[in-house]
Structures are given as C-alpha cells and as structure tokens.
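Note sheet for the following structure.
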Amino acid sequence: MQLKRAKEVLEVLEVQKNQINLKLESNPSCPVSNKDLRLVLLDIRITLNEIEQAKSDIENTQAEILKVV
C-alpha cells in the first residue's frame, strides 16, 4: 500500500516539475518558479527514498516468510 501511494505521489510530483520547467523556459529568472522547482525536487528525492524503503521492507518480509516455510 505504501509503495503504491508513493508511486502515485511521484507521478504527481513529476507533472508538477514539468509544469514548473515550462514556466522557467519563458522566465528563467523567476524566483517563485525557481523556489517551487527546488521544493518539488526535494519532494521527489524524499518520495524516491520512501519507494526504496518500501521495496526493502517488502523484500525483507518476503525473506522472513521464506525462512518460516
């Protein structure tokens, strides 16, 4: 569930990043857009870390289940 939600969030963040990049093409020095881009990139990094952690948790759980069987 956590992995699925994180992937959904990542998709939304990627769309936001692309929208901000389009704004920056027309006005590269816009401080608001640059700040928004930094925040979205940070959120993307955090979400990627959450996805990595969720995958690790799944692998560990699967390994534990295999030990029991």
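For this chain, numbers begin at 1 and follow the sequence in order. Every heavy atom of this structure was used, including side-chain atoms; hydrogens, water molecules and symmetry mates were not.
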Decide whether Val12 and Leu37 are clustered together by the hydrophobic rule: side chain heavy atoms of Ile, Leu, Val, Met, Phe, Trp, Tyr closer than 4.5 Å, transitively. no
According to side chain to side chain donor-acceptor pair (under 3.5 Å), does anything in residues 42-52 pair up with another residue at least two apart or in another chain? List the pairs. none
What salt bridge (Lys or Arg N to Asp or Glu O under 4.0 Å) pairs are there with at least one residue in residues 2-11, not counting sequence neighbours? Arg5-Glu8
Leu42: which other cluster members, linking ILVMFWY side chains closer than 4.5 Å, directly or transitively? Ile46
Please identify each residue that fulfils side chain to side chain donor-acceptor pair (under 3.5 Å) with Gln53, with sequence neighbours left out. Asp57
Distance-only donor-acceptor pairs under 3.5 Å for side chains of residues 21-34, two or more places apart:
{"unit_1": "Asn21", "atom_1": "ND2", "unit_2": "Lys17", "atom_2": "O", "d": "3.4"}
{"unit_1": "Ser26", "atom_1": "OG", "unit_2": "Lys23", "atom_2": "O", "d": "2.9"}
{"unit_1": "Asn27", "atom_1": "OD1", "unit_2": "Ser29", "atom_2": "OG", "d": "3.4"}
{"unit_1": "Asn34", "atom_1": "ND2", "unit_2": "Pro28", "atom_2": "O", "d": "3.1"}
{"unit_1": "Asn34", "atom_1": "ND2", "unit_2": "Cys30", "atom_2": "O", "d": "2.8"}

State yes or no: do Leu39 and Leu13 share one hydrophobic cluster built from I, L, V, M, F, W and Y residues joined by side-chain heavy-atom distances below 4.5 Å, directly or via other members? no
Roughly how far, to the nearest 0.5 Å, is the CE atom of Met1 from the CG atom of Leu3? 11.5 Å
Rounded at 0.5 Å granularity, tell me how far CD1 in Ile58 sits from CD in Gln2. 8.5 Å
Answer with yes or no whether the hydrophobic clustering places Val15 together with Ile44; edges join I, L, V, M, F, W, Y residues whose side-chain heavy atoms lie under 4.5 Å apart. no
